[in-house]
Asker: 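Let me give you the structure first, and then I'll get to my questions.
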Amino acid sequence: MISDQPEGRSAFKTARLRIWRGTGRDNGRYEEFDVAFEEGDSVLDGLVRLRTEKEPSLAVRFSCFNANVCKECTMLVDGNVEYACIAKLRADMIQLDPLPNLPVVRDLVTDTLSRKEQF
Amino acid sequence: MADGHFVEGDVLVVGGGGAGMFAAVAAARNGARVILIDKNVVGRGGATIMAQMTCASALGEAEPDTPQMHLDDTLAAGRGLCNERLASLLCEGSPRLIRELEGWKVNWARSEDGRINQVKAPGHSRKRCVYVDFLSTGAAISAALRNKTSRDPNIRRLSNVSITDLVVRDGGIAGAVGIDLPTSRPVSIQCAAVVLCTGGMTKMFQRTTASNNLAGEGVGLALRAGARIIDIEFLQFYPNGHLAPRMVGLDPTTWEPTRVKLGGRLLNSDGEEFLSRYGEEGGDSYDTARDILTYAIYKEVEAGRGSPHGGVYLSFQHIDGQKLKDALGPVVKVFERNNIDLTRQPVEIFPIAHYQMGGVEVDADMSSSVPGLYAAGELAGGANGANRLSGNALPEAMVFGDRAGQKAAQYATRHYAARWDDRAAQPHVDLIRDVANRNKAGTYPGQLLAEVKALMWRKVGAFRNGRDLAEARERLRSMRHNDMDDLSVASDASFNASLIEWFELRNGLLAAEAVSTAALRREESRGAHQRDDFPETDDRFFANQQLILKDGELVSSFRSVQS
């Protein structure tokens with residue numbers, strides 16, 4: 001159970017994240033984590049909290065952090081292509097998968113870079 | 001771990017935000033083979049893309065204006081500590097680059113008569129700030145520069161590469177070493193000049209407007225390469241930072257342009273407009289400089305007149321609902337998604353860590369004290385003094401990036417990559433391999449970073465005192481010397497962000513320690529540096545503070561302000 005309730009915030013609820021873990025679509029498994037959240041928190045909030053406190057090996061791509069401008073945190077949220085930074089957490093099971101039609105680097109990270117922009 | 005990568009070029013630009021992309025374009029234009037690197041994705045990370053609105057430029061389209069007037073405002077905001085030469089370059093250079101960006105398809109908002117719209121931002125004496133609707137200024141600039149840098153055959157862009165060390169030989173730049181995030185392989189880069197455009201260090205604070213990039217790495221890299229840092233104690237706390245209710249999908253800086261544009265009212269828990277208590281006539285001024293606004297909000301909360309989450313209220317309830325909708329455009333939908341109805345409720349705001357005024361000390365060529373090492377954008381110190389004028393960050397990124405790229409290219413043609421030596425890079429490569437193997441269970445870099453962020457917020461924030469600063473400095477120093485060696489990283493080979501985070505924290509800790517050290521030494525209040533134990537501005541500190549790293553420790557000294 002992950003919680004880091006700062007002062008003055010409203011009571012936390014719990015979301016269950018079912019996350020694809022692995023280095024390919026055929027090489028991996030789902031893992032489930034309970035994540036505490038405040039009403040209004042994004043899926044990205046939950047993933048960042050999870051990485052910081054329990055699961056630093058979780059791979060997820062983001063830069064701007066909840067401002068929805070870098071557009072790096074795209075993934076499948078319950079099967080729909082969404083930005084994790086605007087999809088909301090809810091007190092329920094939420095399934096997260098890497099984007100379809102792109103090579104999976106690991107976990108929720110897909111290879112979105114052009115060939116010439118990487119080694 | 002597999003073998004490393006080796007890359008060679010004339011100029012390495014570290015950081016793919018506005019300053020970095022301008023530097024890359026300028027260096028390529030001046031004949032250099034450029035490597036442009038970002039630890040996230042070039043053109044998508046950093047601070048530029050998050051800038052919503054104001055970009056100051058004395059175009060004179062809305063009313064008569066000159067770079068000299070812009071300079072006068074910049075110097076006044078800087079509370080005496082600006083390097084006038086750098087500030088002047090910024091103000092004089094901005095109009096040319098605004099026009100140039102227009103040629104690169106940045107559509108500045110225009111009025112019906114075809115003139116570029118210019119609005120008056122806080123601290124400016126003229127309507128001077130240009131923007132792209134709707135709150136998309138930084139995103140539009142970033143898109144144009146992404147396009148520009150991707151088409152230039154002399155620019156090699158590398159995303160997801162994090163620079164961990166600069167390679168210095170015989171006192172000058174020989175190259176750099178980093179990590180390729182997708183594979184965890186070490187990367188060695190041979191080059192004649194490095195332009196650091198890594199932005200500031202505000203990610204080291206718990207409440208921040210920073211993207212994931214801004215971890216103070218540039219300050220750490222520069223200090224460890226032997227460069228001087230200047231005025232690093234001055235960090236801007238953005239007064240109108242979003243506090244509550246929870247809002248995602250929009251930058252927390254959104255309330256300053258919105259407040260100025262629509263006339264939002266700042267209220268305390270008694271429903272009073274309180275700015276008049278702090279010397280601001282009428283209490284509803286939109287010209288109040290950021291440092292004064294931050295001070296006023298802190299003092300209201302301290303006096304027990306704060307909002308439930310510990311901030312103050314910003315209310316738009318007095319504005320007609322339709323007018324509000326028209327003025328906010330598509331942003332209304334973002335508020336709706338977050339269940340925020342501005343016609344029915346105020347929001348809570350509180351100052352939030354936003355911008356690093358100081359940084360790497362540079363001369364008018366953007367050159368640091370280390371031959372071959374340049375800095376630009378937020379990382380370059382000097383132009384903003386003790387407080388940055390609203391709207392000056394984007395022109396700083398553009399003008400200084402452009403200039404640093406040009407000067408670095410010229411330097412590179414004179415000193416063609418002569419200094420590289422595998423042996424000089426080897427210890428840095430070895431450290432990457434060593435840290436990658438620290439996989440026993442224990443504390444992870446992200447956990448220590450969380451402690452740093454809480455510590456910086458509590459003890460090195462907008463209002464400081466000697467006891468807190470000394471405590472913070474000691475703890476940070478101990479983390480740097482002791483805790484870092486005991487951290488673990490994940491063992492994955494691919495996209496192992498925890499390995500990157502270890503190196504990020506190594507440099508960021510040095511930046512955080514630099515801020516606390518410099519803030520402790522400056523025993524006065526000036527601009528964005530406010531000491532409860534030294535509340536007055538003191539002429540003895542009418543000086544710039546320099547820091548260097550000597551035998552592993554930070555050493556501070558003061559020198560008179562350069563003009």
Side-chain angles (χ1 to χ4, degrees), chain A residues 4 6-10 21-24 37-45 48-73 82-89 98 103-114 116-119, chain B residues 5 7 38 40-42 44-46 49-50 136 138-139 142 150 156-161 180 182-183 185 187 206 209-213 243-254 308-310 334 337-339 444-447 449-450 488-498 501:
Chain A
D4 65 344
E7 273 176 69
R9 299 187 84 183
S10 52
R21 304 297 304 273
T23 51
F37 71 98
E38 186 194 21
E39 195 62 47
D41 279 355
S42 68
V43 168
L44 184 61
D45 284 323
V48 167
R49 204 170 288 145
L50 182 59
R51 276 206 72 243
T52 301
E53 300 188 10
K54 187 175 174 188
E55 199 60 25
S57 80
L58 176 67
V60 52
R61 203 191 269 287
F62 72 98
S63 173
C64 78
F65 202 32
N66 281 348
N68 196 222
V69 290
C70 77
K71 312 292 185 186
E72 288 186 43
C73 65
E82 291 201 45
Y83 298 114
C85 74
I86 57 173
K88 298 278 191 176
L89 287 174
V104 174
V105 178
R106 197 165 61 80
D107 300 347
L108 301 171
V109 174
T110 45
D111 187 0
T112 51
L113 300 176
S114 79
K116 62 176 185 177
E117 205 166 324
Q118 54 187 313
F119 287 111
Chain B
H5 297 284
V7 193
D38 195 281
N40 284 289
V41 179
V42 172
R44 293 198 179 275
I49 198 168
M50 298 180 77
S136 314
S142 295
S150 79
R156 180 173 183 192
R157 303 200 306 191
L158 287 170
S159 290
N160 288 146
V161 174
D180 177 45
T183 59
R185 288 186 187 183
V187 180
Q206 197 164 43
T209 64
S211 71
N212 196 31
N213 294 59
L243 179 64
R246 190 78 180 100
M247 178 177 82
V248 296
L250 197 60
D251 192 272
T253 60
T254 200
H309 290 78
V334 181
R337 269 206 308 269
N338 286 281
N339 295 317
Y444 292 98
Q447 290 168 306
L449 175 64
S488 303
V489 302
S491 57
D492 308 84
S494 64
F495 214 92
N496 184 355
S498 78
E501 283 158 0

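Lettering of chains follows the sequences in order, A, B, ..., and the numbering in each one begins at 1.
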Asker: Checking heavy atoms, do the side chain of Val489(B), its backbone, both or neither come under 4.5 Å from chain A?
Answerer: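 When you check distances to chain A, no heavy atom of Val489(B) falls under 4.5 Å.
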Asker: Could you give the distance from CZ (Arg49(A)) to NZ (Lys54(A)), rounded to the nearest 0.5 Å?
Answerer: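 One gets 14.0 Å once the value is rounded to the nearest 0.5 Å.
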Asker: In Å, rounded to the nearest 0.5 Å, how long is the span from NZ of Lys88(A) to CZ of Phe37(A)?
Answerer: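 Between atom NZ of Lys88(A) and atom CZ of Phe37(A) there are 10.5 Å.
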Asker: I need the Leu44(A) CG to Glu82(A) CD distance, nearest 0.5 Å.
Answerer: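 It is 13.0 Å, given to the nearest 0.5 Å.
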Asker: Non-hydrogen atoms of chain A under 4.5 Å away: do they reach the side chain of Gln206(B), the backbone, both or neither?
Answerer: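 Neither part, no heavy atoms under 4.5 Å.
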Asker: Where does Val60(A) contact chain B at under 4.5 Å (heavy atoms): side chain, backbone, both or neither?
Answerer: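 Backbone of Val60(A) only, per the 4.5 Å heavy-atom cut-off to chain B.
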Asker: Check whether Leu250(B) gets within reach of chain A through its side chain, its backbone, both or neither, counting any heavy atom under 4.5 Å.
Answerer: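 Contact with chain A involves the backbone of Leu250(B) alone.
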Asker: Quickly, which of Ser63(A), Cys70(A), Cys64(A) forms a side chain to side chain contact (heavy atoms under 4.5 Å, CB included) with Asn213(B)? Name it, please.
Answerer: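 Answer after filtering Ser63(A), Cys70(A), Cys64(A): Ser63(A).
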Asker: Only pairs of heavy atoms separated by less than 4.5 Å count here; which of Asn68(A), Val105(A), Thr52(A) has the most with chain B?
Answerer: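 The answer is Thr52(A).
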Asker: Among all residues two or more places apart in sequence or in another chain, which pass the side chain to side chain contact (heavy atoms under 4.5 Å, CB included) test with Asn160(B)?
Answerer: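 For Asn160(B), the residues satisfying side chain to side chain contact (heavy atoms under 4.5 Å, CB included) (neighbours in sequence not counted) are Arg61(A), Leu113(A), Leu181(B), Pro182(B), Phe495(B).
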Asker: Have Asp111(A) and Gln118(A) got a donor and an acceptor in their side chains that come within less than 3.5 Å?
Answerer: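 Yes.
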Asker: With a 4.5 Å cut-off on heavy-atom pairs, point out which of Ala490(B), Gly45(B), Ser159(B) contacts chain A the most.
Answerer: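 It is Ser159(B).
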Asker: Just verifying a value: how many Å separate His5(B) NE2 and Thr183(B) OG1, rounded to the nearest 0.5 Å?
Answerer: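 Atom-to-atom, His5(B):NE2 and Thr183(B):OG1 are 4.0 Å apart.
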Asker: When you compare the side chains of Ser57(A) and Arg106(A), does any donor N or O come within less than 3.5 Å of an acceptor on the partner?
Answerer: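 Arg106(A) and Ser57(A) do not have a side-chain donor-acceptor pair below 3.5 Å.
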Asker: May I ask you to name which of Gly446(B), Ala497(B), Ser494(B) has the most heavy-atom pairs under 4.5 Å with chain A?
Answerer: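 Highest number of pairs under 4.5 Å: Ser494(B).
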Asker: In the structure I gave you, are the side-chain heavy atoms of Ser211(B) and Phe65(A) within less than 4.5 Å of one another anywhere?
Answerer: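 Side-chain contact under 4.5 Å: no.
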Asker: Could you list the residues that satisfy salt bridge (Lys or Arg N to Asp or Glu O under 4.0 Å) with Arg337(B), not counting sequence neighbours?
Answerer: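 Salt bridge (Lys or Arg N to Asp or Glu O under 4.0 Å) check on Arg337(B) returns nothing, list empty.
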Asker: Check whether Val109(A) gets within reach of chain B through its side chain, its backbone, both or neither, counting any heavy atom under 4.5 Å.
Answerer: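 Answer is side chain: those atoms of Val109(A) sit under 4.5 Å from chain B.
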Asker: Quick check on Asn338(B) against chain A: is it the side chain, the backbone, both or neither that has a heavy atom closer than 4.5 Å?
Answerer: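 Interface part for Asn338(B): both.
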Asker: Check each atom of Glu117(A) against the heavy atoms of chain B and say whether the ones under 4.5 Å are side chain, backbone, both or neither.
Answerer: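 For Glu117(A), backbone and side chain are both near chain B.
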Asker: Side chain, backbone, both or neither: which part of Cys85(A) has a non-hydrogen atom closer than 4.5 Å to chain B?
Answerer: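 Answer is backbone: N, CA, C or O of Cys85(A) sit under 4.5 Å from chain B.
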Asker: Heavy-atom pairs under 4.5 Å with chain A - which of Val161(B), Asp251(B), Leu449(B), Thr209(B) has more of them than the others?
Answerer: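 When all of Val161(B), Asp251(B), Leu449(B), Thr209(B) are compared, Asp251(B) has the most.
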Asker: Which atoms of Asp45(A) are under 4.5 Å from chain B, going by heavy atoms: the side chain, the backbone, both sets, or neither?
Answerer: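 Answer is side chain: those atoms of Asp45(A) sit under 4.5 Å from chain B.
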Asker: Identify which part of Ser42(A) has an atom lying under 4.5 Å from any heavy atom of chain B, answering side chain, backbone, both or neither.
Answerer: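 For Ser42(A), heavy atoms of backbone and side chain both lie under 4.5 Å from chain B.
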Asker: Under a 4.5 Å cutoff for heavy-atom pairs, which residue among Ser114(A), Pro56(A), Ala59(A) has the most contacts with chain B?
Answerer: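 Top option by heavy-atom pairs under 4.5 Å: Pro56(A).
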